[in-house]
Amino acid sequence: MFILTVTAAASMATLISQNVVPKDKSEKPKRKAALDEPSPLDSVQEPDNLKGSDSVKPKKKKKERKESKEAVTEQEAEMKKLENALFGSLLPVTFGNDSEEVDEPNDDSALFFTDRSANSVLSVYEDDVVKGEIVGADNNAKRKPVWVDEEEQKVNINIAKVNRLRKMRKEEDESIITGTEYVTRLRAQHMKLNPATEWALFDSQAKDDTSDSDSDQDNGDIDTIFQTNEDLVVKGKSKLLPGSLEYARLVDANAQDPSHGPINSVQFHRNGQLLLTAGLDKKLRFFQIDGKRNTKIQTIFLNDCPIRKASFTPDGSQVILSGRRKFFYSLDLVKAKTDKIGPLVGREEKSLESFEISPDSKTIAFIGNEGYILLVSTKTKELIGTLKMNGTARALTFANGGQQLLSTGGDGQIYHWDLRTMTCFHKGVDEGCITGTALTTTPTGNLFAAGSDSGIVNVYNRDEFLGGNKKPVKTIENLTTKIDFMKFNHDAQILAVCSSMKKNSMKLVHIPSFTVFSNWPPANRNLQYARCLDFSPGGGMMAMGNAAGHVLLYKLNHYQHA
């Protein structure tokens, strides 16, 4: 390390001496005779004996040698001073025991040292050693810059002249700043554009120390987390609030190809971008929903079946279509193939217009004659079983991932079926209901809603209902005509209730508070006769089909994803 330091000093001295202009040309050969190497001090200090004569007399040789020797000694001292100014004096540092004091270095150890307590040679600047301690060794101490450019103070920069630098001006008429101020503003601009995280800051430890007092309280909060069964992650920005629903009207979903008859089915595909519409004009249409253009993708015409219901299978691979016919259609979306299935073997039903598909996409449940429920395999399209109610069957819905089925009908009772054993394991009266017309369950199955021909909707806790408590948790009486359709959204915070017998006869219910949104339906918008509705998988959109052949599309602002 000593060799590298002297070599670097010699190189620096050579560069400085090359820029020095001699005061007298005659002095150059005499300096060569006196010195073996150039000195950076020639331009600063010159011996008096080298000035004023071109030749040396023999009788003055002794005196000249003595003066030359003194000059060399003085130049070596100046060179050492220059080295210290350029590179600093190096002091030894010991590690391991903070109580040990750093000994004062002697002249021989000023340039290098060997630290036997470490695996490598370390060095620090003299300015960094204060009373035997290294500034910056303590994490809480302020770190000093390793290197400071003194030339920054001498440089002036015009920040008003360059377009990309004008944003660093603090005042409109400011133009010239120093180099140091320029660097400071550059750093501030960088921190503004690239904010650092707290864990990456050097002084974050100090902040952590201030938060130690809150650690006991935090531990208490953690203990309470494990003592509750509430969801730890709340979907969306926050819980949906009651009162008014924030929404925006978008371009009609079927604006590019409206239906010429009533819309009986609308449903979003599981990807949230594809929407199907179907109605009595015998056409099944697919639209790509973006809220602006809603481009039509395809139209399929069934010449012998006005469509009463169309539905995607939950896995998104097929579409099941039915009407007031003995048969139904299956559209394979992967193979782009349409199959006509039926009549079902052993059955004489003249209409298969009403059905539900299980969440596991394995079973289709059709409503048959005289209280029969027909179970068909979605894979083979064959009848795999039947269930029999005491009264007529009017509405169906699946629960427990497709393992259970709920049904209601003419006797005003709600049946719970176990599809694994094909038996009814519970039957209960729907309070105040004479004829049940609609059923729906939440995605988790903890709640279900039952609608009747009188316009009454009862919301039940399913576990309590099966346990013997037949009292509904809420009765909704905002509609006065037969309930035709009901639907929960994906997180069960909204329940849509629809009746097709009166204009604008549609309500949205806030489930956590069991109150109806006061601003729905829109006061300045005629929904006509609403017949069907669906929420997108992420809850961000709502599509509603009416008897005029239009599919109204709305954006629900509370939800971020379609």
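- In this structure, H260 has no ring-ring contact (aromatic ring centres under 6.0 Å, His included) partners at least two apart in sequence or on a different chain.
- A cation-pi geometry, defined here as NZ or CZ lying under 6.0 Å from the six-membered ring centre and within 45° of its normal, holds between K470 and F465.
- By the 4.5 Å heavy-atom criterion applied to side chains, V509 and I494 are not counted as neighbours.
- Pairs of residues two or more places apart, or lying in two chains, that qualify as side chain to side chain donor-acceptor pair (under 3.5 Å) and include a residue from residues 475-487 are N458-T475, T481-S499, K482-D484, D484-S500.
- Under the 4.5 Å side-chain criterion, counting only non-hydrogen atoms from C-beta, I476 is not in contact with F514.
- Aromatic ring centres of H490 and F535: separated by at least 6.0 Å.
- Under the 4.5 Å side-chain criterion, counting only non-hydrogen atoms from C-beta, L165 is not in contact with N163.
- Taken to the nearest 0.5 Å, the OG1 atom of T397 stands 6.5 Å off from the CG atom of L439.
- A heavy-atom distance below 4.5 Å is not found between the side chains of Q413 and T408.
- Within the 4.5 Å cutoff, no side-chain heavy atoms of L375 are placed close to those of T386.
- Ring-plane geometry between F366 and F328 is classed as tilted, the angle between the planes lying from 30 to 60 degrees on a 0 to 90 degree scale.
- Each of T299, T277, D257 was scored for a side-chain hydrogen bond (donor to acceptor under 3.5 Å, both in side chains) with R285, with one residue passing: D257.
- A donor-acceptor pair under 3.5 Å is formed between the side chain of N546 and the backbone N or O of A548.
- Between H269 and F312, the ring planes are perpendicular. Angles over 60° get that label, and only those under 30° would be called parallel.
- Applying the side chain to side chain donor-acceptor pair (under 3.5 Å) test to every pair with at least one member in residues 323-336, sequence neighbours left out, gives these pairs: D304-Y329, Q318-S330, R324-E353.
- Taking the side chain as every heavy atom from C-beta outward, F327 and L352 never approach each other to under 4.5 Å.
- Side-chain N/O atoms of Y460 and N469 include no donor and acceptor closer than 3.5 Å.
- Pairs engaging residues 528-538 under the side chain to side chain donor-acceptor pair (under 3.5 Å) rule: N264-R531 [sequence neighbours left out].
- Contacts classified as side chain to side chain donor-acceptor pair (under 3.5 Å) and involving residues 360-376 (residues at least two apart or in different chains) are given here: S358-D360.
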Exercise for the section: Report the C-alpha distance between Y247 and N519 in whole Å, list the side-chain angles of each, state the deciding distance to 0.1 Å, and finish with yes or no for side chain to side chain donor-acceptor pair (under 3.5 Å). Expected result: CA-CA 10 Å; Y247 63 89; N519 61 337; 4.8 Å; no
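- Using a distance-only test at 3.5 Å, with no hydrogens or angles considered, a donor-acceptor pair links the side chain of T437 to the main chain of I483.
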Handout entry: CA sep, side-chain torsions, deciding dist, call: C532, I263, side chain to side chain contact (heavy atoms under 4.5 Å, CB included)
Key = CA-CA 7 Å; C532 53; I263 298 291; 3.8 Å; yes
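- Side-chain atoms of W417 and S407 form a donor-acceptor pair, as typed in the model, at a separation below 3.5 Å.
- Residue pairs meeting the salt bridge (Lys or Arg N to Asp or Glu O under 4.0 Å) criterion with at least one member in residues 406-424, sequence neighbours excluded, are D418-R420.
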